[in-house]
Amino acid sequence: MIAVAGPIEAAVVWLNDPLNWTNPGGILDRVGEHLAISGAAVLLGCLVAWPIGLWLGHTGRGGGLVVLVANLTLAVPTLALLAILPLTFLGFGRPAVVVALAVFAIPPLLANAYTGVREVDPEARDAARGMGFSGWQLLRRVELPLAVPYLAAGFRTAAVQVVATAALASFVNGGGLGQIIRAGFGLDIAAGGGQILAGGLLVAGLAMLVELVLALVERLVTPRPLRNRGRRAGRRAADAVSGA
Amino acid sequence: MSFRLSYRADPGNPWFSWQYVRDNSDTILTALREHTSLTVRAVLIAVLIAVPLAVAAYWFRALTGPILAVTGVLYTIPSLALFAFLAPYLGIGAVTVLTVVVLYALLVIVRNALAGLTQVPPEVREAAEGMGYGRWGRLFRIDLPLALPGILTGLRLATVSTVALVTVGVVVGRGGLGQLIFAGLQNNFYKAQIMTGTLLCVLLALVFDLVLAGAGRLLTPWLRRRSAA
């Protein structure tokens with residue numbers, strides 16, 4: 001062990017050790033786990049939240065429900081869900097972790113799907129009705145395409161949040177990059193400081209990377225005429241989530 | 001049928017047990033007290049920093065962009081990573097937990113307070129100036145009272161999420177009720193302990209939210225009159 005001056009130097013030393021990357025349970029393994037867990041959780045969240053959000057937006061009812069879901073999940077600690085779900089029928093292992101994280105992905109997905117359909121120009125809706133569209137056709141061919149910028153904004157918010165929260169899965173040995181931080185805390189702070197800091201940098205870096213990539217995707221899937229509106233809209237929907 | 005009977009006959013690990021609550025009331029109360037005190041201290045510190053920041057961003061438009069950008073970037077940083085950044089410097093203890101939760105609460109309050117301040121109608125601002133209010137007079141008599149709903153929204157959101165976030169403090173051994181949940185996991189998955197910690201967390205958030213909502217109603221009587229009319 002090299003005597004090191006401070007946590008930052010220790011973190012650099014830790015990150016520069018190739019074995020810390022390639023070992024079983026090393027950084028590469030952990031990144032893979034982290035992305036697999038997060039991806040599954042966001043997918044599950046989308047499958048649950050989008051149909052409900054789009055339908056509530058289409059019928060124009062249930063705005064109160066959306067706010068209630070957002071407030072409820074805000075008050076439930078992630079740690080509690082991670083601890084409780086494995087003790088239910090889900091059992092120990094990855095499914096419980098994925099479901100726990102998906103619960104926290106649902107509010108932004110739901111709120112943005114709802115807002116996206118609600119914000120569709122009533123004239124476009126009337127025109128479609130006048131052309132003889134049924135309710136289902138209206139949702140599929142008019143409201144859904146126009147809500148895409150919102151759906152993308154919600155997806156981005158949810159994905160970044162899940163990647164960030166997935167670090168907590170390490171509390172129940174669920175894998176992911178948080179495992180590195182937890183292992184560091186398991187050591188003495190003087191010895192583990194470098195590893196803790198390195199783990200923190202990796203988790204934060206991954207969250208930022210996901211944020212950047214999805215910001216790009218959000219821009220690509222938004223049709224050009226909607227881009228400026230979409231950005232403002234995304235912010236508004238996000239504000240709706242935070243209750244502002 | 002036999003399965004159900006055997007399940008009922010197993011008293012070992014119920015989801016909730018008054019017996020547990022009675023026998024461990026000291027531990028539970030200590031955890032609850034620590035959780036409450038961490039939350040109250042964090043939110044107070046956050047308000048004292050966030051409101052001046054929001055006012056600065058409101059007065060000097062050039063600061064709005066940077067302040068919102070920094071708070072936005074901070075929000076993408078995972079809470080566990082923030083603990084990891086601070087723990088090697090601040091050590092293992094309450095100071096680290098407090099710093100982390102203050103930082104997150106700060107963001108929410110700054111954003112909502114700024115939204116509240118920018119929603120003050122320009123006519124009102126001009127009228128105040130015409131009546132001879134100076135910058136500070138206008139701030140305390142006009143802008144801040146009118147921004148109060150926004151500030152209170154931020155305060156409520158920050159408080160509720162702080163209650164949930166404090167539990168992550170178990171990583172440095174100061175998680176309040178999180179400590180209870182985590183100990184339940186380690187005590188061979190003792191469900192009653194996990195559930196008691198969780199329920200108290202949610203209840204605490206609810207109580208704080210109701211208290212702040214009530215305070216908000218008392219502080220902004222003009223909103224009630226408007227909605228009644």
Side-chain angles (χ1 to χ4, degrees), chain A residues 6-8 10-11 71-84 86-88 92 160-161 163-173 177-178 180-182 184-185 189-190 192-208 210-212 239 241-244, chain B residues 13 15 72-73 75-89 91-92 108 111-112 114-116 119 150 153-154 156-157 160-161 163-173 175 177-178 181-182 184-185 189-191 193-195 197-199 201-206 208-209:
Chain A
I8 292 181
N71 289 348
L72 267 182
T73 51
L74 199 62
V76 178
T78 317
L79 178 62
L81 266 194
L82 283 170
I84 289 173
L87 302 174
T88 63
F92 288 89
V160 172
Q161 203 175 320
V163 168
T165 316
L168 297 180
S170 56
F171 282 118
V172 290
N173 278 324
L177 282 169
I180 294 173
I181 301 176
R182 288 271 298 148
F185 274 112
I189 191 85
Q195 187 179 344
I196 293 170
L197 199 58
L201 285 172
L202 289 167
V203 179
L206 191 66
M208 299 260 177
V210 170
E211 161 88 7
L212 282 180
D239 285 346
V241 175
S242 61
Chain B
N13 202 357
W15 278 109
V73 168
Y75 215 67
T76 50
I77 296 181
S79 51
L80 192 62
L82 207 47
F83 273 103
F85 291 153
L86 295 173
Y89 297 98
I92 301 290
V108 182
R111 287 188 165 228
N112 282 286
L114 189 57
Q119 271 163 13
T153 306
R156 283 173 65 183
L157 284 169
V160 172
S161 48
V163 171
L165 196 61
V166 166
T167 57
V168 182
V170 289
V171 80
V172 291
L177 292 164
I181 299 172
F182 196 61
L185 269 182
F189 312 105
Y190 187 30
K191 289 178 186 169
Q193 192 168 15
I194 297 174
M195 212 55 188
T198 307
L199 286 177
C201 255
V202 175
L203 260 175
L204 192 63
L206 195 71
F208 272 128
D209 200 47

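Proteins come first, then strands; the chains are lettered A, B, ... in the order of their sequence lines, and each starts at number 1. These numbers come from the heavy atoms of this one structure, side chains and all, not from hydrogens, waters or symmetry mates.
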Can you give me the closest heavy-atom contact between [X] and [Y], atom names plus distance?
{"X": "Ala83(A)", "Y": "Ile181(B)", "result": "CB-CG2, 3.8 Å"}
{"X": "Ala84(B)", "Y": "Gly200(A)", "result": "CB-CA, 3.8 Å"}
{"X": "Phe182(B)", "Y": "Phe171(A)", "result": "CE1-O, 3.7 Å"}
{"X": "Pro78(B)", "Y": "Ala164(A)", "result": "CB-O, 3.5 Å"}
{"X": "Ala204(A)", "Y": "Phe85(B)", "result": "CB-CZ, 4.0 Å"}

Legend entry - Part of Ala205(B) lying under 4.5 Å from any heavy atom of chain A: side chain
Legend entry - Part of Val171(B) within contact of chain A (heavy atom distance under 4.5 Å): both
Test item: [X] and [Y] side chains (from C-beta on) under 4.5 Å apart, heavy atoms:
{"X": "Ser170(A)", "Y": "Leu80(B)", "value": "yes"}
{"X": "Ile194(B)", "Y": "Ile84(A)", "value": "yes"}
{"X": "Ile196(A)", "Y": "Phe83(B)", "value": "no"}

For [X], which atoms come within 4.5 Å of any heavy atom of chain B: side chain, backbone, both, or neither?
{"X": "Val76(A)", "value": "both"}
{"X": "Leu197(A)", "value": "both"}
{"X": "Leu81(A)", "value": "neither"}

Inset, instruction - State the OG1-CG distance between Thr167(B) and Leu168(A), to the nearest 0.5 angstrom. - result: 8.0 Å
Legend entry - Residues forming a ring-ring contact (aromatic ring centres under 6.0 Å, His included) with Tyr89(B), sequence neighbours excluded: none
Inset, instruction - Could you have a look at Ala198(A), Ala75(A), Ala207(A) and say which one has the most heavy-atom pairs with chain B under 4.5 angstrom? - result: Ala75(A)
Inset, instruction - Among Val170(B), Leu165(B), Leu177(B), Val166(B), find the one that has a side-chain contact (heavy atoms from CB on, under 4.5 Å) with Leu79(A). - result: Val170(B)
Inset, instruction - Tell me, please, which residues at least two apart from Ser161(B) pass side chain to side chain contact (heavy atoms under 4.5 Å, CB included). - result: Leu74(A)
